[in-house]
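Order of listing sets the numbers, starting from 1, for every ligand and every atom in it. Please read these numbers as outputs of a predicted model, since none were measured by experiment. Just so it is clear, the values below take in all heavy atoms, side chains as well, and ignore hydrogens, waters and symmetry mates.
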Amino acid sequence: MSDTDKDFSTHFEAINALKEAGFRVNPLIEKVDDIEGVIKYCKRLEKKRETLDYEIDGAVIKVNSYEQQKRLGETSKNPRWAISYKFAAKQSTTRLNDIAVQVGRTGTLTPVAILEPVEVGGVTVSRATLHNFDEVKRKGILIGDWVLVERSGDVIPQVVKSIVEKRSGKEIKKIIPKKCPICKTDVVRDEGEVAVRCPNKFCPARLKWRIRYYASRDAMDIDHLGESTIDKLLDEKLIDNIADLYFLKKEDILKLEGFKEKSAKNLLDSIENSKKQDLSRLIYGLGIRHVGKYASQLLASKYSSIDELSKADEEELKEIDGLGDKSAEAIATFFATEENIKLIERLKDIGVKTKEIKKEGLPLQGKKFVFTGGLSTLSRPEASDLIKQKGGIVASSVGKDIDYVILGDKPGSKYEKAKKLKLAIINEDEFKKLVT
Ligand SMILES: [Zn+2]
């Protein structure tokens with residue numbers, strides 16, 4: 001671009017002309033007046049970095065005037081009128097001090113890297129995920145190793161690899177625990193699964209996760225019921241399962257450290273409000289293995305109540321278009337378990353909405369949609385709500401069972417896949433006609 005075209009005297013003019021001619025120009029390009037402006041811009045962009053759907057590692061700052069560019073000239077390697085500003089690195093190396101074991105919502109034992117604290121992309125990291133024990137083995141990660149740690153987007157920091165050249169010979173292998181670190185029950189490994197699990201349904205670690213999951217934003221969305229509050233409720237033995245949340249009294253909560261009249265009321269109000277949540281959120285909140293947001297929506301569109309769902313057998317569930325066999329199996333197992341049926345009975349008794357009157361003849365009943373790219377007049381949540389109001393379902397990935405792919409600006413790989421599968425691809429206007 002260093003050619004000084006007769007028609008343009010600045011780089012910015014040229015960019016704008018390209019844009020007008022129909023070329024795709026990055027919308028984040030900006031013209032600033034001085035070095036203060038450059039600094040402010042770089043700081044702003046670094047913050048924005050996490051929200052972009054593509055990776056960037058910095059910005060290029062250029063002198064705008066072609067005349068000035070010419071006067072500055074270039075060295076043998078680089079122009080003197082352009083320079084790059086690099087953001088804080090998203091990878092760092094540090095020592096892996098230990099591998100701890102965490103017990104998750106479904107009892108899965110997960111190895112967690114305990115690191116010598118290190119800055120990664122401007123944040124101090126002292127723990128990172130190692131996903132599962134097979135991965136630790138596959139990557140050959142040893143306790144005491146120097147490791148490469150990476151952060152990207154909102155993702156939890158992860159250990160990329162060990163730096164083998166830095167080994168002293170004193171590093172040790174992490175042995176897969178034979179017992180749950182929390183309740184000491186012998187662990188099991190399901191056939192065909194990588195994960196090692198604590199099979200104790202009453203393991204305190206699982207209970208904590210189940211409650212956190214139930215209260216989470218995509219499930220019953222219980223405000224004010226964060227991790228530390230759940231810990232306190234469990235420590236004080238005020239709750240023993242999900243349904244107990246609805247039996248909490250203000251006096252109980254006021255006993256907890258840090259709670260006052262107002263905050264106790266807020267917590268109770270948000271627990272009470274969660275009784276009215278949609279059936280799909282309740283299904284998701286139950287934390288059935290292999291049943292995520294999409295599967296929960298599918299189930300809620302097919303069945304009008306938890307009771308009806310609980311009576312569906314595995315074969316029937318496997319027939320549901322878009323629901324995997326693993327999910328069908330897990331749902332059948334969930335409802336064949338006595339404690340789960342008891343839990344649902346208690347939730348019903350206390351007034352949690354477990355059925356939904358299906359509005360008959362909704363125009364998009366059971367139709368499945370996937371978004372790719374940004375819409376210009378609607379946000380994703382707004383567009384998703386419109387689909388759900390008409391009886392449709394929003395999926396996150398493209399598959400044969402998808403009815404419509406909504407094509408927005410700058411679509412991703414989903415667009416290519418949709419074309420290959422010959423799915424119906426509609427633009428924003430066509431989508432709006434469908435939902436209004
Ligand atoms: Zn356990």
*What pairs with Thr108 under side-chain contact (heavy atoms from CB on, under 4.5 Å), at least two apart in sequence or on another chain?*
Thr106, Thr110, Ala195, Arg197
_Pairing donors with acceptors under 3.5 angstrom, does anything connect the side chains of Asp223 and Ser270?_
no
_Contacts of the Zn ion (ligand 1) with protein N/O/S atoms, counting only those under 2.8 Å_ =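 N, O, S partners closer than 2.8 Å: Cys180 SG, Cys183 SG, Cys198 SG, Cys203 SG.
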_Please enumerate all residues that pass salt bridge (Lys or Arg N to Asp or Glu O under 4.0 Å) together with Lys137, with sequence neighbours excluded._
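Salt bridge (Lys or Arg N to Asp or Glu O under 4.0 Å) check on Lys137 returns nothing, list empty.
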_Face-on cation placement of Arg212 at Trp209 ring, 6.0 Å and 45° thresholds_ =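 Cation-pi check for Arg212 and Trp209: passes.
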*Does anything in residues 395-424 pair up under ring-ring contact (aromatic ring centres under 6.0 Å, His included), and if so which pairs, sequence neighbours excluded?*
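The answer is Phe369-Tyr404.
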*Does any non-hydrogen side-chain atom of Leu407 lie less than 4.5 Å from one of Ile426?*
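A side-chain contact is absent here, since even the closest heavy-atom pair is not under 4.5 Å.
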